[in-house]
Protein chains: 2
Amino acid sequence: MGNDFSYKDKKVITIGIVRELTGLSERQIRYYEERKLIFPERSPGGSRKYSFSDVELLMEIANKIEDGIQTHEIRKQMLKEQKKQSQDEIRRKMIQGQLNAQFGIRKN
Amino acid sequence: MGNDFSYKDKKVITIGIVRELTGLSERQIRYYEERKLIFPERSPGGSRKYSFSDVELLMEIANKIEDGIQTHEIRKQMLKEQKKQSQDEIRRKMIQGQLNAQFGIRKN
DNA sequence: CGTGTAAGGAATTCTGACACG
DNA sequence: CGTGTAAGGAATTCTGACACG
């Protein structure tokens, strides 16, 4: 149910590669984490690991920073976005649930 | 024309992550490269970088090794596979070319 | 043939801090 | 506030070689 995720959300990219992909400095990338805009995983040794989704998100963040939006403001925007998305998710599931109840379970 | 590739073929994964994803030792991963079964890119400093496709390929290789197939044999199989695929690609393009010639250019 | 390992070095990453503003 | 930088240390990766078989 739901394509969920495959490669795009696997946290496998080290910060040096992210630097190359985004053009951001490691300092910037770590700072955005400090401001709770991005959430890499960690290797056993402590190295940060990012996903392709994270890379995309970092580029969006960079754009907003360039537009003069502060990290605090960006964070609020992102939280609002997340809330909207989870509500959509709930609606989708409720509708799907009703369909299943009426017509039986089928994939998708 | 052709979905080509997106994330799956981007070489962004370091050998330590590949080790975790595949369960292979770094020694094994490097050895399969030495035997020309896998072709990582390199960072400026010399570190190997793999794609998700590489990870999948490594797991197939590992299976064959377990079945007692030698690297040299695996390499021959892979070359044969590649030849078949590129021939399919050529046929596909020729047919597409004829269609374009008769009915004009359109996407896909 | 395929893999483990110890060796030494180089590249990569980490944190906390100072600086500027 | 957002970012650069030098500092010191730790984790990561690299190569070439010896070993076993």
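Predicted, not measured: the structure shown is a model, and the values here were computed from it. Below, chains carry the letters A, B, ... as their sequence lines are ordered, and counting in each starts from 1.
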(message) Between A:Ser86 and A:Glu89, is there a side-chain donor-acceptor contact under 3.5 Å, judged purely by atom types and distance?
(response) no

(request) Before accepting this row, confirm whether a basic side-chain N of the pair B:Arg48/B:Glu26 lies closer than 4.0 Å to the acidic partner's carboxylate O. (result) no

(request) Heavy atoms only: give me the nearest A:Thr14-A:Tyr50 pair and the separation to one decimal. (result) C-CD1, 4.4 Å

(message) Is there a continuous path of hydrophobic side-chain contacts, each under 4.5 Å between heavy atoms, that joins A:Ile69 to A:Ile61?
(response) yes

(request) Give the rounded distance in Å between these two atoms: OH of B:Tyr32 and C1' of C:dG4. (result) 13 Å

(request) Tell me which nucleotide among D:dT12, D:dT3, C:dT12 gets nearest to the side chain of B:Ser43. (result) C:dT12

(request) For the side chain of B:Gln28, starting at C-beta, report the closest nucleotide among C:dG2, C:dT3, D:dT5. (result) C:dT3

Considering only nitrogen or oxygen atoms on both sides, find all protein atoms under 3.5 Å from nucleotides 6-9 of chain C and state each distance.
none

(request) Look at the side chain of A:Ser47 and the backbone N and O of A:Ser43, then say whether any donor-acceptor pair between them is shorter than 3.5 Å. (result) no

(message) Nearest whole Å is fine: how far is C:dG2 P from B:Ile61 CD1?
(response) 12 Å

(message) For B:Ser25, is there any backbone N or O sitting under 3.5 Å from a side-chain donor or acceptor partner on B:Gln28?
(response) yes

(request) Rounded off to whole Å, could you give me the CD1-to-C1' distance for the B:Ile17 and C:dT13 pair? (result) 13 Å

(request) Can you tell me the distance, in whole Å, between the CZ atom of A:Arg27 and the P atom of C:dA17? (result) 12 Å

(message) Testing the 3.5 Å rule here: is there a donor-acceptor pair between the side chains of B:Arg35 and B:Tyr31?
(response) yes

(request) Take the protein atom CD of A:Glu66 and the nucleotide atom P of D:dT3, then report the distance between them rounded to whole Å. (result) 10 Å

(message) Is there a side-chain contact between A:Thr14 and the phosphate of C:dT13, meaning an N or O under 4.0 Å from OP1 or OP2?
(response) yes

Any protein N or O atoms within reach of nucleotides 14-16 of chain D? Criterion: under 3.5 Å, listing atom names and distances.
unit_1 : atom_1 : unit_2  : atom_2 : d
D:dC14 : OP1    : B:Arg48 : N      : 2.6
D:dC14 : OP1    : B:Arg48 : NE     : 3.0
D:dC14 : OP2    : B:Arg30 : NE     : 3.2
D:dC14 : OP2    : B:Arg30 : NH2    : 2.9
D:dT15 : OP1    : B:Arg42 : NH1    : 3.0
D:dT15 : OP1    : B:Arg42 : NH2    : 3.2
D:dT15 : OP2    : B:Arg48 : NH2    : 2.2

(message) Rounding to an integer number of Å, can you tell me how far B:Leu37 CG sits from C:dT3 P?
(response) 11 Å

(message) Quick one about B:Asp9 and B:Ser53 (side-chain donor to acceptor, distance below 3.5 Å, no hydrogens or angles considered), yes or no?
(response) yes

(request) State, with a plain yes or no, whether a side-chain heavy atom of A:Lys76 is found less than 4.5 Å away from one of A:Glu73. (result) yes

(message) Would you say A:Lys64 and A:Gln70 are linked by a side-chain donor-acceptor pair, where the criterion is simply a distance under 3.5 Å?
(response) no

(request) Taking Watson-Crick and G-U wobble pairs with both distances under 3.5 Å, convert DNA chain C into its dot-bracket string, 5' to 3', dots for unpaired and | for cross-strand pairs. (result) .||||.||.|.|.||.||||.

(request) Tell me, yes or no, whether the heavy-atom count around B:Lys10 atom NZ, taken from other residues, nucleotides or ligands under 6.0 Å, exceeds 12. (result) no

(message) Output the rounded distance in Å from CD1 (B:Ile38) to P (C:dG2).
(response) 16 Å

(request) Return no unless some side-chain N or O of B:Tyr31 is found under 4.0 Å from OP1 or OP2 of C:dT3. (result) no

(message) Counting only side-chain nitrogens and oxygens, does B:Arg35 get under 4.0 Å of the OP1 or OP2 atom of C:dG2?
(response) yes

(message) In whole Å, I'd like the distance from the CZ atom of B:Arg19 to the P atom of D:dT13.
(response) 7 Å

(message) Salt bridge check, A:Arg30 against A:Glu33: does any charged N sit closer than 4.0 Å to a carboxylate O?
(response) no

(request) Examine C:dG4: is either OP1 or OP2 under 4.0 Å from a nitrogen or oxygen in the side chain of B:Ser25? Give yes or no. (result) yes

